[in-house]
Amino acid sequence: MSKFPYLRQDFLASIVVFLVAVPLCVGVAVASGVPAELGLITGIVGGILTGLMPGSSLQVSGPAAGLTVLVFEAVSEFGVAALGVIVLFAGLLQLAMGFFGIGRWFRAISVSVVEGMLCGIGLVIIAGQIYAAAGLKAPESGIGKIAGLPGALADALTDTGALTSLAIGAGTIAVIVLWARMPKAVRSVPGALAAVVLATVATLVFGLQVATVEVEGLLGVIQPPGAGAFGELAGPAIWGTIIAFALIASAESLFSAAAVDRLHNGPRTQYDKEMIAQGAGNTVCGLLGALPMTAVIVRSSANVNAGAKTKASRVLHGVWLLLFAAAMPWALALIPIPALAGILVHAGWKLIPFRQVVALWRGHKGEALILVVTAVSIVAVNMFEGVLIGLALSVVKTAWEASHVKLEIIDKGAGPIQAYLSGNATFLRLPKILDALESLPQDRPVELDLKGLHHLDHACRTALESWAERHSATGTEPVKVTQAQAAPDGETVSAP
């Protein structure tokens, strides 16, 4: 039996993934405000280094559209020179999380928060890249980008150069969308690559005056972090960005792994090992001053659909990227920037989970609300804080749903009023409990039975004690309390 039984399938799949990766690597880099070659370097490291490591055998790593917004914000605030330090320490943080077994816990993150994150990112990418497609400068904030679109489009329609640039971007999107309806033999060439090639040819043939990618050469863009960049670590601001890079890149990679596992019947993802592989890749990318990497669902699904069987396909795709970047850098200088913008607008559109929102709204309105709030927060504030808002809302919702409590009051007209509490008494349900107890007649004795409680938190315990004191202070017989057998914190409710 051959030592490499799937070499043919993996070789062919690697070519497909390479062709998908080239325009995306370049487009993500340009949209992030860094040289195009840095995107290719991240793709090379993701293919060769991360590709060789254990974790998820078929998913492919590289620069991701999902981190474009965060990288652009980081470069704008700290400069390109500090990008390497941010990515380096984000990678080290991922390595630590992998070694300490935190990787599997990312599966506990609410899917609504992740979908909301992707939706918010998609909206910001679309808005920002429409400006790039028209050759215009985009506002810095997400809200500014969206609010300024009508004016920007109106300006573009009166400017021949901007209109030409916008037409190339729109044509690129049209080719990508229509390519999916072509015969199967034609679709063997990825739509994004076909769109870039056609846009490049049209620009050259018709002599269109549009901006193209600036090329510096592979070695010219590699900038290991210097002493000045490490000096940024003294300020607290950069650490928030590092944590954001690590957490969001990890979440995107591990959720991508779960999605890829559903596409094939091969070995399942080992989440902690995949976290270590992503951390190793980002550590090297940081040392090279390149973009951060994540596992990318577009390339990963292309890899599986192309028939890949082992990790050899993703490693080979990294080799092809290296050969392309070393031997054909001049080809990058021919690519029109509005064509890359069109690719990213389409990628951003694919990030918006339209079907999931509709399905959630029909079955789980609370989850749909979390998705929408997360997306809006990312657009209105920034990605890191938007995700934190989504996570906080998810925790509050879970706590609210878990704190079911029932208060049953029996008044036979004579003798003490009997009140039975059952379920989980937490501070979230405290107003409901107190309203019911405080509405009881002050001149009647009360028996409060807590034996039906599974959980009684400190806030409820204290509030019930206070209510019992107030009710008994009017000269009424003291409230008689029957305790729950065991409160989780060992505390009991007592009445005077």
Sequence neighbours left out, cut at 3.5 Å: what donor-acceptor pairs do the side chains of residues 64-73 make with other protein atoms?
unit_1 : atom_1 : unit_2 : atom_2 : d
Thr68  : OG1    : Ala65  : O      : 3.0

*Without hydrogens or angle criteria, can the side chains of Glu274 and Gln270 be said to hold a donor-acceptor pair below 3.5 Å?*
no
*All pairs passing ring pair (Phe, Tyr, Trp, His ring centres under 6.0 Å) where residues 344-373 contributes a residue, at least two apart*: Trp349-Phe354
_Run the salt bridge (Lys or Arg N to Asp or Glu O under 4.0 Å) test against Glu477 and tell me which residues pass, sequence neighbours left out._
none
Without placing hydrogens or testing angles, list every side-chain donor-acceptor pair under 3.5 Å for residues 78-94, not counting sequence neighbours.
unit_1 : atom_1 : unit_2 : atom_2 : d
Gln94  : OE1    : Asn282 : ND2    : 2.7
Gln94  : NE2    : Ser250 : OG     : 3.0

*Any sub-3.5 Å donor-acceptor pair from Ser300's side-chain atoms to Val296's backbone N or O?*
yes
*Report yes if the side chains of Leu407 and Val405 come closer than 4.5 Å at any heavy-atom pair, otherwise no.*
no
*Report yes or no: do Arg314 and His317 form a side-chain donor-acceptor pair below 3.5 Å?*
no
*Backbone N or O of Ile102 within a donor-acceptor pair of the Tyr271 side chain at under 3.5 Å?*
no
*Non-neighbouring partners of Asp155 that pass salt bridge (Lys or Arg N to Asp or Glu O under 4.0 Å), sequence neighbours left out*: none
Show me the donor-acceptor pairs, under 3.5 Å and distance only, between side chains in residues 374-381 and residues at least two apart or in other chains.
unit_1 : atom_1 : unit_2 : atom_2 : d
Thr374 : OG1    : Ile370 : O      : 2.7
Ser377 : OG     : Val373 : O      : 2.7

*With distance as the sole test, does Gln129 use its side chain to make a donor-acceptor pair with the main-chain N or O of Val345 at under 3.5 Å?*
no
_So, applying side chain to side chain contact (heavy atoms under 4.5 Å, CB included) with Ile417, which one of Val479, Ile410, Leu437, Asp411 is it?_
Asp411
